[in-house]
Amino acid sequence: MRLRHCYLGLCVIGAVLPYSQLIPWIAAHGLDFPLFFQELFSTRIGGFFAIDVIVSAAVLVVFAFSEGRRLGLSFLWLPILATLLVGVSLGFPLFLYLRQRKLDRPALT
């Protein structure tokens with residue numbers, strides 16, 4: 001199995017697992033953003049994980065733009081969108097997939 005296929009598998013896991021927790025919450029509470037953030041930061045450990053993910057997402061955006069431009073990646077907006085809609089758990093492996101796909105291509109001479 002190629003590394004890029006592993007990244008695609010991680011994309012699936014990175015989308016399914018977070019949404020397996022979010023969808024039932026939305027079904028119970030709707031899009032109640034004040035309640036969402038109240039529950040997210042209701043404990044110090046929850047706040048720790050929330051801030052860690054927010055910082056990681058910012059780092060991913062900076063890294064994806066700089067590395068993506070350096071390599072001339074297409075669809076560079078896709079991991080950023082995935083990070084905003086799902087999280088780092090999808091955005092990062094998706095960026096790594098796009099990067100690996102580009103690196104696996106033979107160099108044109």
Side-chain angles (χ1 to χ4, degrees):
M1 176 164 64
R2 295 188 177 265
L3 187 56
R4 69 177 183 260
H5 298 129
C6 180
Y7 290 143
L8 275 180
L10 291 169
C11 284
V12 172
I13 293 168
V16 170
L17 290 180
Y19 269 91
S20 74
Q21 300 302 304
L22 182 63
I23 290 172
W25 189 91
I26 290 175
H29 303 287
L31 293 176
D32 187 345
F33 289 110
L35 178 61
F36 177 83
F37 286 104
Q38 178 185 348
E39 288 189 8
L40 181 62
F41 289 97
S42 65
T43 65
R44 289 200 180 268
I45 198 68
F48 162 79
F49 279 106
I51 291 170
D52 182 64
V53 170
I54 292 167
V55 170
S56 297
V59 171
L60 173 59
V61 168
V62 171
F63 176 67
F65 274 125
S66 64
E67 182 73 357
R69 285 185 182 166
R70 184 181 73 82
L71 293 174
L73 295 181
S74 32
F75 303 107
L76 192 53
W77 56 270
L78 198 54
I80 306 307
L81 182 63
T83 300
L84 294 173
L85 293 177
V86 177
V88 177
S89 62
L90 174 59
F92 189 47
L94 182 56
F95 171 75
L96 292 174
Y97 167 76
L98 294 173
R99 181 178 177 269
Q100 194 63 46
R101 190 178 69 166
K102 174 81 173 191
L103 294 175
D104 286 350
R105 287 188 192 146
L108 299 174
T109 56

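Below, each value reflects all heavy atoms present in this structure, side chains not excepted, and no hydrogens, waters or symmetry copies.
Residue pairs meeting the salt bridge (charged side-chain N to carboxylate O under 4.0 Å, His left out) criterion with at least one member in residues 27-55: none, sequence neighbours excluded. Contacts classified as ring-ring contact (aromatic ring centres under 6.0 Å, His included) and involving residues 11-32 (residues at least two apart or in different chains) are given here: W25-H29, W25-F36.
Two different hydrophobic clusters hold I45 and I54 under the rule that ILVMFWY side chains link at heavy-atom gaps under 4.5 Å. Cluster annotation: L17 and V12 are assigned to distinct hydrophobic clusters (Ile/Leu/Val/Met/Phe/Trp/Tyr, side-chain heavy-atom contacts under 4.5 Å, transitive). Hydrophobic clustering (ILVMFWY, side-chain heavy atoms < 4.5 Å, transitive): F49 and F92 are in distinct clusters. Y7 and L103 end up in the same hydrophobic cluster when Ile, Leu, Val, Met, Phe, Trp and Tyr side chains are linked at under 4.5 Å. Under the 4.5 Å side-chain contact rule for hydrophobic residues, V88 and V62 do not share a cluster.
For the atom pair CG (L10) and CG (L90), the distance works out to 10.5 Å, reported to the nearest 0.5 Å. Within the model, atoms NE2 of H5 and CZ of R101 stand 11.0 Å from one another, a figure rounded to the nearest 0.5 Å. Atoms OG and CD1, on S20 and I13 in that order, are 12.0 Å from each other to the nearest 0.5 Å. Taken to the nearest 0.5 Å, the CG atom of D104 stands 5.0 Å off from the CZ atom of R4. Remark: L98 CG to L76 CG distance equals 8.0 Å, nearest 0.5 Å. Atom CG in L40 sits 11.0 Å away from atom CG in L35 (nearest 0.5 Å).
Within 6.0 Å of CZ on F75 lie no more than 12 heavy atoms contributed by other residues, nucleotides or ligands.
For the ring pair (Phe, Tyr, Trp, His ring centres under 6.0 Å) test, residues two or more places apart in sequence or in another chain that qualify with F95 are F63. Not counting sequence neighbours, F65 has no partner by the ring pair (Phe, Tyr, Trp, His ring centres under 6.0 Å) test. Here R99 pairs with E67 under the side chain to side chain donor-acceptor pair (under 3.5 Å) rule; sequence neighbours left out. Annotation: ring pair (Phe, Tyr, Trp, His ring centres under 6.0 Å) contacts of W77 (sequence neighbours excluded): none.
Residues A57 and T83 share a closest heavy-atom pair of CB-CG2, 3.8 Å. The two atoms that bring G14 and S89 nearest to each other are O-OG, 2.6 Å, heavy atoms only.
Contact of the L3 side chain with the L96 side chain is not registered, since no non-hydrogen atoms from C-beta on lie closer than 4.5 Å.
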